[in-house]
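Working notes, beginning with the structure itself.
Every chain is numbered from 1 and lettered A, B, ... according to where its sequence line falls, protein lines coming before strand lines. This one's a predicted model, so the numbers in the text were calculated from it and none came from an experiment.
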Amino acid sequence: MIPRGDAADRDIAAADRDVAAVDNNIAAAVNDIAAATGGEANDDAKIVERIVGGDTELFAVLVRRHQQAIYSMGRSFFRNDDDAADFTQEVFIKAYRSMASFQGRSRFSTWLFRIAYNTAINGISRRKEYQSLADDAELPDFNDPEWLVLRSAAGEAVREAMKDLPERFRICLDLFFFYDLSYPEIEVVTGFPVNTIKSHVFRAKKLLREKLRDFAEGDIE
Amino acid sequence: MNCERAMNIVLESDNGDILPVNARLHVLFCRSCSREAANMKKAATELRNTAICRKPHGDLTDRIMSAVFTQEEIAPLYSRGRHSKPISNLKWAAAGILIMASFILIPLGDAFFWLNGSFGKILIVPIALTCGVILSIYCALFIASHLEGLAVRFHLKHES
């Protein structure tokens, strides 16, 4: 064990106090926003406003809130953990840099997805085909067999719908089914016309309906 | 409404959409449609939960925050983008109305009658040219100051 002097211990303790103070400030700011927006703690637009106004530490709240979705998208495009983590970092740096241009006309998450999508399709290290979340082998296992059936049916339907789609359209299904974006939001992110997105999603939903019929004749409670 | 039509409406619906009343009533009272719609809803929820299963190894927040704040070229956010105060749309509309009103009122003024008497119909050409130049300048300024918004509105660019 490396011996540490008193001075070093004091520095570490001071640094810990600083970190705790910053965390407290962030928590207080988030609570303020929640109170100002009628308890809507997830009002990203308000947080963006505060960041643009100078509360730059609040950016950590947005990072915590959205990193998983961006990382997940990165995994689909780059198909390995390191590149997905680098991608997530790059997306958030870009988002921070252009935060002042966020006008609040769409959800913050949609705006962030748009940056992520553009970063991914222009990514120089991207060599592999887009891998849908439906293809992901690392999905958690549920003990509940009914949920397992439902998940299998849903996953298989989306996979099947993906199979016949050109690669560039596959992300539309992921954005709709996995990231819960609406048709106009997917249009904003990808730039594909709403009707094209609708028709792909409709086809996938029809397949899902058929699969659910096949997999579960009775109720899935 | 028959089952197929009701289910098609369900399938066409967007995330977060509320179904039309007739389709909602059908789904509510038709046992098979109700079961199918419920199962589809559960499957959709299940798919959404899948997205959160891909997690980075550890929280990336600290890494991202330190990367964000050590980028030297990043100027403080509050010093960017918000300096120039844009002219409000109300002011633009007032200016436009003023310009149009003055165009309409030109032929009614005494000066116009005097000039018309002195120069005849040939006066219309310079007046029309002047009006055209004024209108062009107004439009050019309007477009230049609303470039981003217009590009988004006419689907030439997506909101950034």
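- Checking A:Val63, A:Val91, A:Leu62 one by one against B:Ile64, the side-chain contact (heavy atoms from CB on, under 4.5 Å) holds for a single residue, A:Val63.
- Listed by chain and residue number, A:Tyr96 satisfy the ring-ring contact (aromatic ring centres under 6.0 Å, His included) test with A:Phe59 (two or more places apart in sequence, or in another chain).
- For A:Val201, no part lies under 4.5 angstrom from a heavy atom of chain B.
- Remark: B:Leu90 CG is loosely packed, at most 12 non-hydrogen atoms of other residues, nucleotides or ligands lying under 6.0 Å away.
- When heavy atoms are compared at a cutoff of 4.5 Å, B:Asn8 approaches chain A by way of both its backbone and its side chain.
- Counting only distance, with no hydrogens or angles, the side chain of B:Asn15 and the backbone of A:Leu181 share a donor-acceptor pair below 3.5 Å.
- One finds the CG atom of B:Asp14 at 8.0 Å from the CD atom of A:Glu185 (value rounded to the nearest 0.5 Å).
- In terms of the side-chain contact (heavy atoms from CB on, under 4.5 Å) criterion, residue partners of B:Leu141 (sequence neighbours excluded) are, by chain and number, B:Trp92, B:Ile137.
- With salt bridges taken as basic N to acidic carboxylate O contacts below 4.0 Å, one links B:Glu4 and A:Arg209.
- Within 6.0 Å of CD1 on B:Ile18 lie no more than 12 heavy atoms contributed by other residues, nucleotides or ligands.
- To the nearest 0.5 Å, the span separating OH on A:Tyr183 from OG on B:Ser13 amounts to 6.5 Å.
- The two residues B:Leu60 and A:Tyr71 have their closest heavy-atom pair at CD1-CD1, 4.3 Å.
- Salt-bridge annotation for A:Asp86 and B:Arg63: present, with a side-chain N of the basic residue lying under 4.0 Å from a carboxylate O of the acidic one.
- For A:Lys206, the parts lying under 4.5 angstrom from a heavy atom of chain B are both the backbone and the side chain.
- Side-chain polar atoms of A:Gln67 and B:Asp59 form a donor-acceptor pair below 3.5 angstrom.
- Atom CG of residue A:Leu208 and atom CG of residue B:Leu11 lie 8.5 Å apart, to the nearest 0.5 angstrom.
- Within a 6.0 Å radius of CD1 in B:Ile122, other residues, nucleotides and ligands contribute 12 heavy atoms or fewer.
- Pairing each heavy atom of B:Thr61 with each of A:Ala60, the nearest pair is CG2-O, 3.9 Å.
- Heavy-atom contacts from other residues, nucleotides or ligands closer than 6.0 Å to CG of B:Asp110 number 12 or fewer.
- Contact annotation for B:Met40: both backbone and side-chain heavy atoms come within less than 4.5 Å of a heavy atom of chain A.
- Within the 4.5 angstrom heavy-atom criterion, no atom of A:Ala84 approaches chain B.
- In this structure, B:Arg48 and A:Phe177 approach most closely via the heavy-atom pair CG-O, 3.5 Å.
- To the nearest 0.5 Å, atoms CE (B:Met65) and CD (A:Gln89) are separated by 12.0 Å.
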